[in-house]
> 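Before I ask anything, let me first share the structure, which is written out below as structure tokens.
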2 protein chains.
Amino acid sequence: MNATATNSADNYSISELAQEFGITTRTIRFYEDKGLISPERRGQTRVYSPEDRVRLKLILRGKRLGFSLDESREIIDMYDPAHGNVEQLNRLLERIESKREQLRQQQRDIEKMLAQLDDATARTQAALKEHRN
Amino acid sequence: MNATATNSADNYSISELAQEFGITTRTIRFYEDKGLISPERRGQTRVYSPEDRVRLKLILRGKRLGFSLDESREIIDMYDPAHGNVEQLNRLLERIESKREQLRQQQRDIEKMLAQLDDATARTQAALKEHRN
DNA sequence: GTTGACGTTTACGTTAACGTAAACTTCAAT
DNA sequence: ATTGAAGTTTACGTTAACGTAAACGTCAAC
């Protein structure tokens, strides 16, 4: 046990992340292949930083919302406006607003679907009461 | 022009629905193939009722939320508790509640992502102000 | 009577997002 | 020295959700 350990403390192995998020290592490597994560390497081995972990979290959040990996990448990249020139920044603002609109549409869709499920519950319970005869 | 027209008034052709919802006829036929819609036939030709149209609407709503066609079919079928026996009805109630939970998770995901987009907007606008020097 | 516009079936092609398997390395432990 | 757990690359396989194209029927319009 050295004072300056080889692992910089708050790093993760690929299997640690896989287990934490309930996915396979294959999936994580696939995301790297698609350019969504870029972990460091200790020799051959991948070493994931807390930032990498956050990116993974964002990808999975996107997945739960039905986003493609390309869409998730886009959204993640929006958080970093290092993309210099003014025109690009303005287009970025538009794309952000567009995504916001899409999310608001999803909110409306969820509301309607939840109402539909309330209906379904009521109908099913009614059918159950029917059965008590 | 006969008084009792061949088309029962409020029915739709496949291309009408396709245009209304911005999808292709191929897509609609595909949904039928997967058992999501079952339009009537006037000879060979498909004739869609208002109920068919509603089902289509629900499918597309599911799509916007990232649901697979199988999931959408499940949700749609939840609305009709014709599935007799008590045990099945109880399992149905569980599946409904499960879906509700999933939708609530999506709501949380959307909230976080919207907050993230607010951040992104602020950062981008800051980057733009930087550019005015 | 042929030309469109619209419909049909059948079938092969395509893309995304991984799964699965093979073949290999590294390293700590027995 | 070998085993076992975890890592790696390479590559072929799979499923969902359509796209695309071919080949054909139908019917009102010119």
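Residue numbers begin at 1 in each chain, while the letters A, B, ... track the order of the sequences. Quick caveat: nothing in here was measured; it's all calculated off a predicted structure.
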> What are the residues of residues 22-37 of chain A, sorted by number, that bring a heavy atom to within less than 4.0 Å of DNA chain C?
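Heavy-atom cutoff 4.0 Å gives A:T24, A:R26, A:T27, A:F30, A:Y31.
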
> Respond yes when some side-chain nitrogen or oxygen of A:S13 is under 4.0 Å from OP1 or OP2 of D:dA6, and no when none is.
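Looking at the OP1 and OP2 atoms of D:dA6, neither is under 4.0 Å from any side-chain N or O of A:S13.
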
> Listed by chain and number, what are the side chain to side chain contact (heavy atoms under 4.5 Å, CB included) partners of B:E87, not counting sequence neighbours?
B:N85, B:R91

> Would you sort out whether B:Y79 and A:R123 count as a side chain to side chain contact (heavy atoms under 4.5 Å, CB included), showing the intermediate values?
CA-CA 8 Å; B:Y79 196 70; A:R123 282 160 166 270; 3.4 Å; yes

> To the nearest 0.5 Å, how far apart are CD1 in B:I28 and CG in B:L56?
5.5 Å

> With the side chain counted from C-beta on, respond yes when B:M78 and A:Q116 share a heavy-atom pair under 4.5 Å apart, and no when they do not.
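Answer no - side chains too far apart.
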
> So, does B:R42 get its side chain near the phosphate of D:dC27, meaning an N or O under 4.0 Å from OP1 or OP2?
no

> Measure the distance from CD1 on A:I14 to P on D:dG7 and round it to the nearest whole Å.
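So the CD1-P distance, A:I14 to D:dG7, works out to 7 Å.
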
> Using the C1' atoms of five pairs at each end, what's the angle between the two axes of the helix from C:dG1-D:dC30 to C:dT30-D:dA1, to 10 degrees?
20°

> Report the distance from atom CG of A:L65 to atom NZ of B:K112, rounding to the nearest 0.5 Å.
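Those atoms lie 11.5 Å apart.
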
> Among residues at least two apart in sequence or on other chains, which ones pass side chain to side chain contact (heavy atoms under 4.5 Å, CB included) with A:S38?
none

> Keeping A:R73 on the side-chain end and A:K34 on the backbone end, is there a donor-acceptor pair under 3.5 Å?
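Present.
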
> Test B:D52 against B:R46 for side chain to side chain contact (heavy atoms under 4.5 Å, CB included), laying out the working first.
CA-CA 11 Å; B:D52 291 327; B:R46 293 169 173 80; over 6 Å; no

> Side chain to side chain contact (heavy atoms under 4.5 Å, CB included), that's the test. Do A:R61 and A:L58 meet it? Break it down for me.
CA-CA 5 Å; A:R61 179 179 296 158; A:L58 296 181; 3.6 Å; yes

> Roughly how far, to the nearest 0.5 Å, is the CD1 atom of B:I37 from the OH atom of B:Y31?
8.0 Å

> Using a strict heavy-atom distance below 4.0 Å, which residues from residues 54-65 of chain A are in contact with DNA chain C?
A:K63

> Could you tell me whether a side-chain N or O of B:Q107 sits under 3.5 Å from a main-chain N or O of A:I110, the two making a donor and an acceptor?
no

> Could you walk me through whether B:L128 and A:N90 pass side chain to side chain contact (heavy atoms under 4.5 Å, CB included), step by step?
CA-CA 8 Å; B:L128 273 172; A:N90 277 320; 3.7 Å; yes

> Expressed as a whole number of angstroms, how long is the span from B:Q44:CD to D:dA23:P?
19 Å

> What is the separation between atom CD on A:E40 and atom C1' on D:dG7, rounded to the nearest whole Å?
17 Å

> Check every nucleotide of DNA chain C for an atom under 4.0 Å from a heavy-atom of chain A, then give the first and the last such nucleotide from 5' to 3'.
C:dA17 to C:dT20

> Are the side chains of A:N11 and A:E40 in touch, meaning some heavy atoms are under 4.5 Å apart?
no

